[in-house]
J.: 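Here it is: the structure, laid out below.
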Amino acid sequence: MNAIVALCHFCELHGPRTLFCTEVLHSPLPQGAGNGDSPGQGEQAEEEEGGIQMSSRIRSHSPAEGASAESNSPGPKKSDMCEGCRSLAAGHPGYISHDKETSIKYVSHQHPNHPQLFSIVRQACVRSLSCEVCPGREGPIFFGDEQHGFVFSHTFFIKDSLARGFQRWYSIIAIMMDRIYLINSWPFLLEKIRGIIDELQGKALKVFEAEQYGCPQRAQRMNTAFTPFLHQRNGNAARSLTSLTSDENLWACLHTSFAWLLKACGSRLTEKLLEGAPTEDTLVQMEKLADLEEESEGWDNSEGEEEERTLSVPEVTDGRELAKCPTTPSLLSDCGSWLPRKLSIFKSLRHMRQVLGASSFRMLAWHVLMGNQVIWKGQDMDLVQSAFDVLRTMLPVGCVRIIPYSNQYEEAYRCNFLGLSPHVQIPSYIQTSEFAVIVEVHPATCSSVYPVACDEDQSLSKYEFVVTSGGPIATDRVGPTILNKIEAALTNQNLSVDVVDQCLVCLKEEWMNKVKVLFKFTKVDSRPKEDTQKLLSILGAAEEDNVKLLKFWMTGLSKTYKSHLMSTVRSPTSSESRN
Amino acid sequence: MGSRMDEPGASLGGVTLLCSWSCSEFDLKEIRLIVYQDCERRGRQVLFDSKAVRKMEESAAQRTEDVLIKMPVKCCQARHSSSSSSSDSTPSPHSSVGSLHGKEQLPKYQYTRPASDVNMLGEMMFGSVAMSYKGSTLKIHYIRSPPQLMISKVFSAKMGSFCGSTNNLQDSFEYINQDPNLGKLSSNQNSLGPCRAGSNLAHSTPVDMPSRGQNEDRDSGIARSASLSSLLITPFPSPSSSSSSSSSYQRRWLRSQTTSLENGIVPRWSTEETFSLADETCSSNPAIVRRKKIAISIIFSLSEKEEAQKNFQDFFFSHFPLLESHMNRLKSAIEKAMISCRKIAESSHRVQFYISHLMEALGEFRGTIWNLYSVPRITEPVWLTMMSSTLEKTQLCQRFLKEFTLLIEQINKNQFFAALLTAVLTYHLAWVPTVMPVDHPPIKAFSEKRTSHSVNMLAKTHPYNPLWAQLGDLYGAIGSPVRLTRTVVIGKHKDLVQRILYVLTYFLRCSELQENHLTWAGKLWEGEEVLNGSKMTTALEKGEVEDSEYVVVTVRNEPALVPPGLPSQTGDRNAGPPEGLATADLFSRVSTEANKGAGKKEQDSEASGKASLEEATSGASWEDQEPSPMVEEGQKGASGDDPPTAPSLERSATSEAWAAGLKTVQQAPSEELKMEMDKKPPDRSSGWPCPDRRSQESPYLEKVTFQIGSSVSPESDLESRARDMEEKLKAFRNPPELARSLLDQTRETAELAQHQQFSQVPFRSGIRRNVCCPQILTSEEHKSLSGQGFVEGSDIRINAIEAVEQVSLSAEPAASLDKGAGIGKQRTLEEERGLCLKTVKGQSLEPVQNRCVQQDSGLVVAADVPCGDADGKTAFRVEGDIPRNESSDSALGDSDDEVGAPGNLDPNGDRDEDALEVELPLPRSQIISNQNVKNFGRSLLGGYCPMYMPDLVLHGTSNDEKLKQCLLADLVHAVHHPVLDEPIAEAICIIADTDKWSVQVATSQRKVMDNMKLGQEVLVSSQVSSLLQSILQLYKLRLPADFCIMHLEDRLQEMYLKSKMLSEYLRGHTRVHVKELGVVLGIESNDLPLLTAIASTHSPYVAQILL
């Protein structure tokens, strides 16, 4: 709770006084961003700098006093401080409690060290004991304003056989800036503070009774009626609460009680707040990461991971991470095993489209989206890698299987992105297959082949690209909807690269949501074909190419999602009985 | 709607309505209004007391007022035209002086002598705060008998030069008393006349203010601190970037910072609230401002019946922001009445005008409060219910989807439903954070929504006000600029309106609140029953090693004198140490205490001793304190050979270790551990490498850090966890030694084997208790305590053993040793801790165990010791060198000395810094949560109400009559006096009329165009339409309801992603070329308002561009 709890006393000699005050210190950053210690040190240092009056006085005394303070000799009295106005002995450093779980510290002193808080507490104390009127004088009251904070105050009497009227007046106050919360906590604070007060009063009553028994004050006072009361009072006014309750550990007790009160009141209400489910891409990445970790467990140490990385991307030398993948790069930072670290050659899909030319790019993209095997053949491994990095952004993470560079042909079931060195012989059935597309990277024969590209990028000017496929795409086919939208986005120069990236995220999620429905429908519920056709048209994906795309993308669904659907959703109660 | 519509009505649980609070307990007339003035010159005067107003019977013209007082509810409906908001622009017959005179012929009210308590109430309202303070003050008093709650606001009056009549109200009142029309009032002069502040004090009930002079006020710093706001403006540190993407997180973080007291008070939005007595038409002259305060009090009489009283208090304290808002409205009405009545020349008319206006405003206030209290609520708001109950989720989904699709199918005429949903999604934006994809899900996560971890953490580390957060969510006030939105569904068909309301509660989202009762020291507020004078507590304890739960039954006596947080210090203590002593010591002194009966009643001390024992042994709450005895023992063990300064260090070390142990068991992934162990060679040879540290530490036995805390969710602090981990790993550098020591132990202490059994499961609270208890026993032995303590202790021991058996986690000591020798798996850790615990327990018998403790202690040493500069390694090495075979006797002797003569602790000693606080443990807490809190989420989602209600976030009503009258004023008021405690840019009301099939959005910013239209028609977002259609189709294709809802959430997430894209787009464009987006994403122009609003929750700049 963002509050200060304090015990105040109306001293007969000095008026309202703050006796004991418990504050809450939070770590400056949430989620324990700083470690538990350093903020604390910071606070303390700050407190020391900001220390005023009390604290500085304490400090000036402390080195000299040493043991004497401990052997119960009260610190030197200041004229404005009597026993009754004092809680901790001079030189006492105060109390602190750590709530490790929350990195919250509860600190108690006689006064807050922060000057502004000192004044806030002081003011609340004065108001509580001498300004605000509580019917019956003992009881709860709330007051405050935006400038000085809001105060819940409970005033009470403590029996004292030597005091005027045989009692002394105290209050426990809680100060907050958040009046809504403080007012809402009224019933809670009332109950708890009342409990503390009852304890204190009970203890004091015992002491009182014992003293009365030993030496009945009333009678004595009657007898000494001629003695000026003031005179007598001066002699006895300074009784500390410790002696009134005969509890040496009172302040430690109060510290714990106040700290506890603050903690309990702060956690009295908690919120349950839901956040969105992770996207499929995030889930898949997490899963891949987990698999990776599992594998690397076999390795002795973190070296293992290192080694694996070097295995999968053998020639990587540049330490730079590529953060081209639009979704959650933060997550990916560790999935580096299949991420290149080379400066990208293809900067974006739009760039690649410019380099390859619109029609070649469309053919390539089509194959990519449909899950056909995409083979890049070329001398420059970085270039191939860069191409894959760009192309993969069109697909859900789960649909991407890359073999970045190989010296032999790999089958399509192993990878849908395959990089090959120039001399590798691609089997003829692949060359003629309509389910594969081959991009051959040749050194440029004539420098004017791709003038556009040459202007922008020197490194690409020395190449020319030949995109071929066994089954060339008929130009009249509409193609998958998403391809057309991607092309539209790439064509429109008004949309920045970042916007295009965001578009891709949207499009992919949109289609993955369709995939989910289809998966549920066909794989989980095994619904008949006619229904499926209906479903597809509801999803706006009835065309052949779209259906193909959905089927391919279904392979990219996260295991988490699939197993969830298989187990949880297919409960007997969920699907039937709707009439 | 057809038969299909009618049939499920009865079964529709969510639509059944319920009064949240029983209205019969609440008497409207028991709301009393008092207006007071405190003037420097004239003293205090009652300006109004509703208790003193009597209505005149004779006039027929007063029928309306009659109703006003008796049945404000209806009155408000009928007579709203005289809305009293200062900003009300609708013409009201009473607010213009002209119309007044016609009616004023017959006085309607009679002002009699104010009630006798009014002086005392005046005292309470004003107190004695200096006049100089300019702001407004809020106060709440509880008056015990008769039970009343009084809420007051004190304003400084803003005086202006008066226009027209120079009479002020006071003159008017003085006039009343002589007014023959008003009957025999002359005797009342006193009651209305000035009553000096002090003069009545003596005989006003016990209000015995300490009679401090005016110096006191000046002395107090009240006047001084009024200028505090100019001090120290600390900029907030921004939250860690990882979670800053979530707007709800951001909002809450900011709230916690703005209401924080840590760095002094952060000036918030300024509420320059004065009570204006100046006519706006006249320029006020600041030069002649006199000091004057006006106080307005509302007094609620509470029922004498406890239950009823509690109910109202619940309502009062939980709905305070709403009450306050209405009070502000009342205040505006009073201001207005005071200003305009001055224009009336004739006194009797003026008074009548004034009183009737105030009564009217009060009537409205009463009606509103009554409505708010008694309005029907939707008992099962879909979203909240789905969130909280997991049991019937499927049925809930089915029920909701059934209603949802029904509405899509049947009432989407003119796209009505799509329009309504568009508006709701556009303005009640709290759904957006619930679909924002998280990018850090735990790996095993399942693709559903879950509670936000980061927000949970924030709530723990930086508590904010969850009520406020929830209220903001409900009103959709999470975008930028902040808009506060309500939705009203109008229609004659109650059933249909209720269905719509029900369905909307799925989209109108907010967080769910739960109430937690923290208990400590075994003191439970619930589940406690008295059993033969002792209390038996049953608690389900969560196992900390496993997920299992087991029941712990604690029997203990009535807590005698156990103040909260002070279990170890029970009872009077005569021979206590100076204040500086920590609980660590106090604990062991429990035994001391028993002996020190001298000068005390014997039974007292005994009882207290017992009580503390009880405390010690009962319940998880002790876990924090528990290390202390162990620490003590550790010290005993060490003190023989080590410099006298060492023990304290060890102390802290040990307790640290405890914390670490806990954490380790719970969290440490064993692989990591192992890796660490491999890496780091044993490091036993280093001696005392850091004497500074030692000396610094030594004076403070109390400097023990107990980190166990309340580990409901232990992985709270990632950072410190990591740190703990590290420290702990360091400690594992010498497992062989550890093993050896363990072996020694087992060999040497045969009798300990018995304990071992349970000490191996040290992290269950039940066992912990156990561990703790013998500890006490031993110390008590030394003190030769009465047999009673023994009995107590052993009982508990038995209990604990049983508990262990229940858990059946007993491992053989030998096995544990093997593991301890270095497998380094989690289990090992755990068992090792177990041994250590055992060690601790048997401390007094077996010296070697000390070592073990110390060994253990190295693990985390000093991770959190306040001075924090020495590191864990130091401490570890320290204990690595502690000689092994010490005499236990000496240790005990030392410890006794420690206890007996704590005075030798030098607080300032050689420490580098002297202001290091004494560390005390926080009692370990246990949380009992209560789901059903009467929070805003449950109370502001209304059902089908008899009339329009201004407060509710959602409700239905049969016609828009009253709405038409009040709406604009309500909206303007909402902006001027935001219930949210933060500035509001715009107040919105969505009005869905099922009779006209129209959906309109009214706003505080635009004036009503014509009488027919309340606001602007809503553009139907095509995104929403297509969403509705596809859900309907999927449903018809018989996809299961919960899958449909998952899909619905996916589609909402798509909208969020599109808004992300839009915001990205808007970085480079100041205008949206819809066509460009349409081609790519299917965004149409009618989607833009929706998407922009969504974008405003995550990208504030969007609003700046587009608005």
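By convention in this document, chain letters (A, B, ...) are assigned in the order of the sequence lines, proteins followed by strands, and residues within each chain are numbered from 1. Worth knowing before you read on, the calculation uses all heavy atoms, side chains too, and leaves out hydrogens, waters and symmetry mates.
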J.: Give the member of A/Asn494, A/Leu539, A/Asp531 that has the highest number of heavy-atom pairs under 4.5 Å with chain B.
T.: A/Asn494

J.: Quick one: what part of B/Leu138 sits under 4.5 Å from any heavy atom of chain A, side chain, backbone, both or neither?
T.: both

J.: Please flag which part of A/Asn492 lies under 4.5 Å from any non-hydrogen atom of chain B: side chain, backbone, both or neither.
T.: side chain

J.: Can you tell which part of A/Ile104 gets under 4.5 Å to a heavy atom of chain B, answering side chain, backbone, both or neither?
T.: side chain

J.: Not counting sequence neighbours, which residues clear salt bridge (Lys or Arg N to Asp or Glu O under 4.0 Å) with A/Asp498? List them please.
T.: none

J.: Can you tell me which portion of B/Phe320 sits under 4.5 Å from chain A's heavy atoms? Options are side chain, backbone, both or neither.
T.: side chain

J.: Do A/Arg268 and A/Ser185 have side chains that get closer than 4.5 Å, going by heavy atoms?
T.: yes

J.: Tell me, please, which residues at least two apart from A/Ser267 pass side chain to side chain contact (heavy atoms under 4.5 Å, CB included).
T.: B/Leu518

J.: Contact part of B/Gln1053 toward chain A, heavy-atom cut-off under 4.5 Å: side chain, backbone, both or neither?
T.: side chain

J.: Is B/Arg1067 in contact with chain A via its backbone, its side chain, both, or neither, using a 4.5 Å heavy-atom distance?
T.: neither

J.: Answer yes when A/Arg179 and A/Glu146 have at least one side-chain N-carboxylate O distance shorter than 4.0 Å, and no when they do not.
T.: yes

J.: Under 4.5 Å, counting heavy-atom pairs only, tell me which of A/Ile141, A/Ile175, A/Leu495 racks up the most with chain B.
T.: A/Ile141

J.: Would you mind telling me which of A/Lys516, A/Met1, A/Met176 has the largest number of heavy-atom pairs within less than 4.5 Å of chain B?
T.: A/Lys516

J.: Answer with side chain, backbone, both or neither: which region of A/Val24 has an atom nearer than 4.5 Å to a non-hydrogen atom of chain B?
T.: backbone

J.: Please examine the side chains of B/Pro321 and B/Asp981, heavy atoms only from C-beta on, and report whether any two atoms are closer than 4.5 Å.
T.: no

J.: May I ask you to decide if the ring planes of A/Phe142 and A/Phe150 are parallel, tilted or perpendicular, using 30° and 60° as cut-offs?
T.: parallel

J.: Shorter than 4.5 Å, heavy atoms on both sides: which option in A/Glu271, A/Lys485, A/Lys534 has the most such pairs with chain B?
T.: A/Glu271

J.: Just say parallel, tilted or perpendicular for the rings of B/Phe1043 and B/His1047, cut-offs at 30° and 60°.
T.: parallel

J.: Just checking, is any N or O donor in the side chain of A/His255 or A/Ser97 under 3.5 Å from an acceptor N or O on the other one?
T.: yes

